[in-house]
Amino acid sequence: MAYSKEMIERVIEANDIIDVISEYVELKKAGKEFKGLCPFHREKTPSFMVSQEKQVYHCFGCNASGNVVTFIMDIENLTFKEAIEFLADRVGITLEEIELTEKEYQKKKLIDEIYKINKLAAMYFYNKLFSEEGRQALVYIRKRGLTEATIKKFGIGYSPPQGNGLLNFLKEKGYTESFLVKAGLLSQKNNRYYDRFRNRMMFPIIDVKGNIIGFGGRSIDDSLPKYLNTPETEVFKKGKNLFAINFAKKTQQDKFIIVEGYMDAISLHQAGIDCAVASLGTALTEDQARLVKRYKRNVVIAYDADEAGISAALRGLDILDELNLNIKVLTIPHGKDPDEFIKKKGVEAFNQLIENADSLIEFKAKVYRKNLDLDNPQDRIIYVKKIAKDIAKLSDEVKREVYISSVAKVAQIPENAVRAEVGRFVNREIEKNQKNMYIAGNIRHNIYSSSKISPEKYLIALLLYDNNLYKKVKETITADMLENVKLRPIFEEIMSRLEDGNKTQINDIVYLLQEENLISDFNDIIKAFYESENITEQAIDDIINKILINSLAVKRESIKRAINEAHMVGDIEKERQLLIELQNCEKEMLKIKNG
């Protein structure tokens with residue numbers, strides 16, 4: 001089921017963007033618009049602008065853009081449908097769903113079937129663990145210290161080393177090999193199908209809604225790879241989920257502890273630390289960080305203390321820091337991981353480590369000092385310059401002064417020298433924001449030419465900004481000229497509305513975002529829309545001409561391929577006609593380029 005265009009428009013109209021964003025950001029009037037500190041990256045000088053007239057926002061610091069729906073999607077880490085439901089609930093609107101299109105229905109059916117088959121696979125693995133085939137695996141798991149209750153809670157199972165047991169089990173349930181490959185449970189090689197997971201301890205990966213979206217398999221005989229995950233499927237996106245989030249989201253604690261591996265998370269839960277999640281790999285992604293932020297503002301990272309773990313922790317820290325989360329880093333002594341530490345030292349000792357965890361700056365300072373000799377003047381300079389950049393990001397002046405004092409003592413230099421270096425980075429950031437604001441506000445006449453945003457996105461933005469461009473565009477551009485096929489339905493919808501004489505703005509096309517692969521393109525369109533106010537007639541002509549030339553370039557390559565094919569089969573007449581067509585295409589391109 002989905003929501004109608006009219007229902008979505010009603011929800012958007014009832015949620016003024018200023019009212020919604022003001023619940024997350026302190027906004028102040030700035031001319032015709034409102035300004036505040038961006039909630040999507042850390043800044044001290046406001047560069048986050050919200051237009052009540054246009055009902056859109058744009059940050060000139062990090063380039064985040066959108067409307068009220070995409071704002072809620074990003075800030076609350078929701079899907080498009082969930083964001084509409086969130087906003088409807090906010091204003092007391094009862095939503096009514098409509099029938100899905102055939103394409104939407106087929107996609108939903110595929111997703112539901114993968115959830116169903118994953119559940120069957122999880123039951124198969126669990127039962128195998130307690131079978132004769134799984135006896136050694138169960139001994140291994142018990143040696144790892146897991147109780148029967150924990151095995152049951154997490155649905156831990158076993159995949160046998162021989163045969164295609166899972167394949168045969170699921171075929172008996174009526175599933176085909178091709179579908180099982182789509183679900184990530186089978187692998188295919190030389191027209192042969194076989195179980196993807198073999199001789200592994202199996203961990204079902206469950207999302208926040210309780211669906212089994214995939215599996216992690218840990219080798220029990222130290223064969224490589226040590227860990228094997230489900231490949232990317234319609235439901236499993238490794239960088240978007242966290243292991244044990246289904247349990248951790250219910251914790252009464254005010255934080256999440258992020259660890260690297262399944263066993264680390266499971267051991268912490270078994271020890272009563274029910275706020276642990278694992279990042280399904282070493283590097284925390286922005287999507288995972290947003291998932292954390294949806295539930296908690298306090299985060300403790302407890303990655304392994306080896307080089308890979310420290311490197312991963314630093315990447316994760318930067319992502320979490322950009323989202324304004326309160327971060328601490330737990331360093332486990334002697335390179336142990338959480339699972340190993342708890343077994344040897346106990347849960348109280350681990351809780352003490354949490355209490356003594358380093359702040360973001362403290363951890364980075366330790367990492368920066370690690371391979372430096374602070375008796376060496378050159379190394380002291382390197383250390384101060386590195387840590388000053390991080391201290392400059394702190395918005396709390398008291399914290400900044402405390403860390404300046406601490407760094408000065410460690411580096412054996414006067415506080416004023418450290419303060420000056422921190423101030424240099426602060427001023428650089430202010431200048432950068434001011435420059436971005438200036439560029440965005442005053443040098444826009446041909447901005448698309450140096451932008452990563454494509455001219456066709458700018459064209460859509462301009463049509464939404466000034467509906468009077470409709471006639472000019474209609475005379476020159478058709479939907480099939482757009483290189484990005486995903487943009488064609490948006491362009492067609494706008495042109496159809498304008499053809500019928502309907503005024504068309506950003507929010508009139510938001511319902512199309514139920515196809516969530518359009519969201520990134522939509523945000524680019526809003527960026528361009530925000531920059532459209534002072535764009536010149538010449539720039540509009542340039543954009544149209546660029547689209548025409550791109551379209552002709554695609555046509556030219558198609559003709560060239562057809563010429564080669566005609567030449568290969570000896571069709572001289574067709575080759576001659578195509579060469580004439582190619583010449584005409586190139587003449588047309590040259591004519592547009594020369595104006």
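For clarity, every value in this text was computed on a predicted model and none was experimentally measured.
- For Y194, the OH atom is densely surrounded, since the number of other residues' heavy atoms within 6.0 Å is greater than 12.
- Partner of E557 under the salt bridge (charged side-chain N to carboxylate O under 4.0 Å, His left out) criterion, chosen from K555, R561, K560: K560.
- Under the rule for a side chain to side chain contact (heavy atoms under 4.5 Å, CB included), the partners of E475 that lie at least two apart in sequence or sit in another chain are K471.
- With sequence neighbours excluded, the residues that form a side chain to side chain contact (heavy atoms under 4.5 Å, CB included) with R200 are S159, F197, M202, S219, P225, L228.
- Applying the salt bridge (charged side-chain N to carboxylate O under 4.0 Å, His left out) test to residues at least two apart or on different chains, the pairs with a partner in residues 109-130 are K108-D112, K128-E133.
- Evaluation of the salt bridge (charged side-chain N to carboxylate O under 4.0 Å, His left out) test over residues 158-168, restricted to residues two or more places apart or in two chains, returns none.
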Could you go through the side-chain contact (heavy atoms from CB on, under 4.5 Å) check for I72 and R90 one step at a time?
CA-CA 11 Å; I72 289 299; R90 180 181 176 273; over 6 Å; no
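- At least one donor-acceptor pair closer than 3.5 Å links the side chain of D195 to the backbone N or O of L167.
- Between the CG atom in N164 and the CG atom in L170 there is a gap of 11.0 Å [rounded to 0.5 Å].
- For F236, the ring pair (Phe, Tyr, Trp, His ring centres under 6.0 Å) test picks out no residue, with sequence neighbours left out.
- No donor-acceptor pair closer than 3.5 Å links the side chain of S496 to the backbone N or O of E492.
- T176 meets the side chain to side chain contact (heavy atoms under 4.5 Å, CB included) test with S178, F179; sequence neighbours excluded.
- For F203 and F154, the gap between ring centers reaches or exceeds 6.0 Å.
- Contact annotation: the side chain of L146 approaches that of M201 to within less than 4.5 Å [non-hydrogen atoms, C-beta and beyond].
- Counting only heavy atoms from C-beta outward, the side chains of I266 and I156 approach each other to under 4.5 Å.
- To the nearest 0.5 Å, atom CD of residue E588 and atom CZ of residue R556 are 12.5 Å apart.
- The closest donor-acceptor contact from the side chain of N467 to the backbone of T504 lies under 3.5 Å.
- Applying the 6.0 Å contact sphere to CE of M123 captures no more than 12 heavy atoms from other residues, nucleotides or ligands.
- A heavy-atom distance below 4.5 Å is found between the side chains of L552 and I592.
- Taking the ring centroids of F71 and F40, they lie under the 6.0 Å cut-off.
- Between the side chain of E76 and the backbone N or O of R294 there is no donor-acceptor pair closer than 3.5 Å.
- Within a 6.0 Å radius of NZ in K574, no more than 12 heavy atoms belonging to other residues, nucleotides or ligands are found.
- Annotation for G216 and I205: closest pair N-CD1, 3.8 Å, computed over non-hydrogen atoms.
- Proximity of I563 to I559: side-chain heavy atoms (C-beta onward) are separated by under 4.5 Å at one or more points.
- Scored by the ring pair (Phe, Tyr, Trp, His ring centres under 6.0 Å) test, F215 finds F125 as partners (sequence neighbours excluded).
- For E234, the side chain to side chain contact (heavy atoms under 4.5 Å, CB included) partners two or more places apart in sequence, or in a different chain, are K107, L110, I111, I114.
- Side chains of H269 and D274 form a contact here, defined as non-hydrogen atoms less than 4.5 Å apart.
- Listed by chain and number, the residues in a ring pair (Phe, Tyr, Trp, His ring centres under 6.0 Å) with Y126 are F130 (sequence neighbours excluded).
- Rounding to the nearest 0.5 Å places CD1 of I141 at 5.5 Å from CD1 of I151.
- Partners of Y158 according to the ring pair (Phe, Tyr, Trp, His ring centres under 6.0 Å) rule, which considers only residues two or more places apart in sequence or in another chain, do not exist here.
- Annotation for I526 and I506: closest pair CG1-CD1, 3.9 Å, computed over non-hydrogen atoms.
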When you look at L498 and K474, which way does the side-chain contact (heavy atoms from CB on, under 4.5 Å) test go after all the steps?
CA-CA 10 Å; L498 295 175; K474 183 186 177 184; over 6 Å; no
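- In this structure, K182 places its NZ atom where only 12 or fewer heavy-atom neighbours from other residues, nucleotides or ligands lie under 6.0 Å away.
- Between the D207 side chain and the K209 main chain, a donor and an acceptor come within less than 3.5 Å of each other.
- L87 is not listed as a side-chain neighbour of I12, based on a closest heavy-atom distance of 4.5 Å or more.
- Without hydrogens or angle criteria, N211 side chain to Y115 main chain gives no donor-acceptor distance under 3.5 Å.
- Listed here is the closest heavy atom pair of I319 and A289: CG2-CB, 3.5 Å.
- Under the 3.5 Å distance criterion, the side-chain polar atoms of N241 are matched with a main-chain donor or acceptor of K237.
- Under the 3.5 Å distance criterion, the side-chain polar atoms of K527 are matched with a main-chain donor or acceptor of N63.
- Separation of atoms CD1 (I490) and CG (L463) is listed at 12.0 Å; rounding is to 0.5 Å.
- Using a distance-only test at 3.5 Å, with no hydrogens or angles considered, no donor-acceptor pair links the side chain of R198 to the main chain of Q162.
- Side-chain contact check for T478 and D480: at least one donor-acceptor pair (N or O, by modelled atom type) lies under 3.5 Å.
- To the nearest 0.5 Å, atoms OG1 (T476) and CD1 (I547) are separated by 8.0 Å.
- Between L578 and A566, the shortest heavy-atom contact is CD1-CB, 4.4 Å.
- Q55 pairs by the side chain to side chain donor-acceptor pair (under 3.5 Å) definition with D16, not counting sequence neighbours.
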Decide side-chain contact (heavy atoms from CB on, under 4.5 Å) for Y3 and E85; before the verdict, give the C-alpha distance in whole Å, the side-chain angles of both, and the deciding distance to 0.1 Å.
CA-CA 10 Å; Y3 301 121; E85 291 163 354; 2.7 Å; yes
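- Q106 and E102 share a side-chain donor-acceptor pair at under 3.5 Å.
- A salt bridge is defined here as a Lys NZ or Arg NE, NH1 or NH2 lying under 4.0 Å from an Asp or Glu carboxylate O, and R290 with D74 fails to meet this definition.
- Residue pairs satisfying the salt bridge (charged side-chain N to carboxylate O under 4.0 Å, His left out) criterion with at least one member in residues 170-180, sequence neighbours excluded, are listed as follows: K171-E177.
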Carefully, step by step, assess R196 and L185 under the rule side-chain contact (heavy atoms from CB on, under 4.5 Å).
CA-CA 6 Å; R196 177 176 175 81; L185 294 168; 5.9 Å; no
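- In this structure a side-chain-to-backbone donor-acceptor pair under 3.5 Å is present from Q288 to S279.
- Contact annotation: the side chain of E456 never approaches that of I477 to less than 4.5 Å [non-hydrogen atoms, C-beta and beyond].
- Closest heavy-atom contact between L186 and Y193: CD1-CB, 4.1 Å.
- The shortest side-chain heavy-atom distance between I509 and L464 falls under the 4.5 Å cut-off.
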